[in-house]
Amino acid sequence: EDQVTQSPEALRLQEGESSSLNCSYTVSGLRGLFWYRQDPGKGPEFLFTLYSAGEEKEKERLKATLTKKESFLHITAPKPEDSATYLCAVQAYGSARQLTFGSGTQLTVLP
Amino acid sequence: EPEVTQTPSHQVTQMGQEVILRCVPISNHLYFYWYRQILGQKVEFLVSFYNNEISEKSEIFDDQFSVERPDGSNFTLKIRSTKLEDSAMYFCASFSGTGSYEQYFGPGTRLTVT
């Protein structure tokens, strides 16, 4: 069974204080690992897809990296508008491409 | 920019009633999904739909649930006899079927069963 574990559950940062979120996964065969942002009461918003170990993707203050067992979402010099829950999900080969999600990391960036 | 839309945004129903949640996926996408998120819990996969049939379903998706693509644009989730534990946010998602594998999610329907 595919599993995704995210840590920490919650993270409070001062504006400008860089940090990383962790996503550990076990999957039968990884087709892709996805990062989404979710604001309260809203649907997940796509951020990145990573396909193989060593891959990195960047978007503004966010950078996602992937190893064979985990992924990191690095947030550089965050702003209050980066406050959200960040979700990690995996997609396995041999599936109908459905996503298995972790519980998320709730990020709060204080001004 | 194309987006997935869902209606209604909030549905309140009594236990035992039937509800239909509606979604309009991105127009050229081929794969459609329903997920749910109980308050404070993970987003969970319910069902995937491709080529006018269910391609995979989870254990949650029992005989009380059904999906349909009644025309070229809508994708619906029906719950025949709602239970209190069906209260959740229901998200529709779609994927193009080509290129990268990301799914795009709608804003969700909050279902409250009383």
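A quick note: this is a predicted structure, and the numbers were derived from the prediction, not measured.
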Visitor: If hydrophobic clusters are built by linking Ile, Leu, Val, Met, Phe, Trp and Tyr wherever their side-chain heavy atoms come under 4.5 Å apart, do B:Leu21 and B:Val24 end up in the same one?
Guide: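 B:Leu21 and B:Val24: separate clusters.
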
Visitor: Given 3.5 Å as the limit, does a donor-acceptor pair link the side chain of A:Gln98 with the main chain of B:Phe45, or not?
Guide: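 Not confirmed, A:Gln98 side chain does not pair with B:Phe45 backbone.
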
Visitor: What is the distance from atom NZ of B:Lys42 to atom CD of A:Gln6, rounded to the nearest 0.5 Å?
Guide: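 Here the interatomic distance stands at 8.5 Å.
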
Visitor: May I ask whether B:Met89 and B:Val43 are part of the same hydrophobic cluster, defined by side-chain heavy atoms of I, L, V, M, F, W, Y residues being less than 4.5 angstrom apart, directly or through others?
Guide: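 Linked, B:Met89 and B:Val43 end up in one cluster.
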
Visitor: Less than 4.5 Å to any heavy atom of chain B: does that hold for the side chain of A:Gln38, its backbone, both, or neither?
Guide: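 Side chain only.
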
Visitor: Surrounding CD of B:Glu59 (heavy atoms of other residues, nucleotides or ligands, distance under 6.0 Å), is the total greater than 12?
Guide: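 Atom CD in B:Glu59 is not crowded, with 12 or fewer foreign heavy atoms closer than 6.0 Å.
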
Visitor: Within residues 31-39 of chain B, which positions have a heavy-atom distance to chain A below 4.5 Å?
Guide: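 B:Tyr31, B:Tyr33, B:Tyr35, B:Gln37, listed by number.
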
Visitor: Output, in order, the C-alpha distance, side-chain angles, deciding distance and verdict of side chain to side chain contact (heavy atoms under 4.5 Å, CB included) for B:Glu102 and A:Phe34.
Guide: CA-CA 7 Å; B:Glu102 60 262 22; A:Phe34 302 81; 4.1 Å; yes

Visitor: Around A:Gln106, counting heavy atoms of other residues, nucleotides and ligands shown, do more than 12 lie under 6.0 Å from its CD?
Guide: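 Atom CD in A:Gln106 is not packed in, count stays at 12 or less.
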
Visitor: Which atoms of A:Tyr51 are under 4.5 Å from chain B, going by heavy atoms: the side chain, the backbone, both sets, or neither?
Guide: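 Side chain of A:Tyr51 only, per the 4.5 Å heavy-atom cut-off to chain B.
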
Visitor: Around atom CZ of B:Arg80, are there more than 12 heavy atoms from other residues, nucleotides or ligands closer than 6.0 Å?
Guide: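 Yes.
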
Visitor: Among A:Leu99, A:Thr49, A:Thr100, who wins on heavy-atom pairs under 4.5 Å with chain B?
Guide: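 The residue among A:Leu99, A:Thr49, A:Thr100 with the greatest pair count is A:Leu99.
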
Visitor: Quick check on A:Ser103 against chain B: is it the side chain, the backbone, both or neither that has a heavy atom closer than 4.5 Å?
Guide: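 Looking at A:Ser103, backbone and side chain both touch chain B.
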
Visitor: Mind checking which of residues 104-114 of chain B sit less than 4.5 Å from chain A, heavy atom to heavy atom?
Guide: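 Heavy-atom contacts from residues 104-114 of chain B to chain A are B:Tyr104, B:Phe105, B:Gly106, B:Pro107.
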
Visitor: Please tell me whether A:Ile75 and A:Leu11 are part of a single hydrophobic cluster in this structure, the criterion being side-chain heavy atoms less than 4.5 Å apart.
Guide: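 Result: yes, single cluster for both.
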
Visitor: Measuring heavy-atom distances to chain B, does A:Gln91 have an atom under 4.5 Å in its side chain, in its backbone, in both, or in neither?
Guide: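 The side chain, not the backbone.
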
Visitor: Hey, is CD on A:Glu9 packed in by over 12 heavy atoms from elsewhere, all under 6.0 Å?
Guide: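 Not buried by this count: 12 neighbours or fewer within 6.0 Å.
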
Visitor: Membership question, hydrophobic clusters at under 4.5 Å side-chain separation (ILVMFWY): are A:Leu50 and A:Tyr86 in the same one?
Guide: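 They do share one cluster, since a chain of ILVMFWY contacts under 4.5 Å joins A:Tyr86 to A:Leu50.
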
Visitor: Does a sphere of radius 6.0 Å around NZ in A:Lys57 hold more than 12 heavy atoms from other residues, nucleotides or ligands, not counting ones at 6.0 Å or beyond?
Guide: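 Yes.
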
Visitor: Going only through I, L, V, M, F, W and Y residues with side-chain contacts under 4.5 Å, is there a path from A:Phe72 to A:Trp35?
Guide: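 Shared cluster, no.
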
Visitor: Relative to chain A, which of B:Tyr50, B:Phe91, B:Phe95 shows the most heavy atom pairs under 4.5 Å?
Guide: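 Of the options given, most contacts go to B:Phe91.
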
Visitor: I'd like to know whether CG of B:Asp63 has more than 12 heavy-atom contacts from other residues, nucleotides or ligands below 6.0 angstrom.
Guide: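 For B:Asp63, atom CG is not crowded (no more than 12 foreign heavy atoms under 6.0 Å).
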
Visitor: Check whether B:Tyr101 gets within reach of chain A through its side chain, its backbone, both or neither, counting any heavy atom under 4.5 Å.
Guide: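 Both backbone and side chain.
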
Visitor: Tell me which of these, A:Gly32, A:Gly41, A:Gly104, A:Pro44, has more heavy-atom pairs under 4.5 Å with chain B than the rest.
Guide: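 Max contact count across the listed options: A:Pro44.
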
Visitor: Once you round to the nearest 0.5 Å, how far does CD of B:Gln103 lie from OH of A:Tyr36?
Guide: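 Those atoms lie 5.5 Å apart.
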
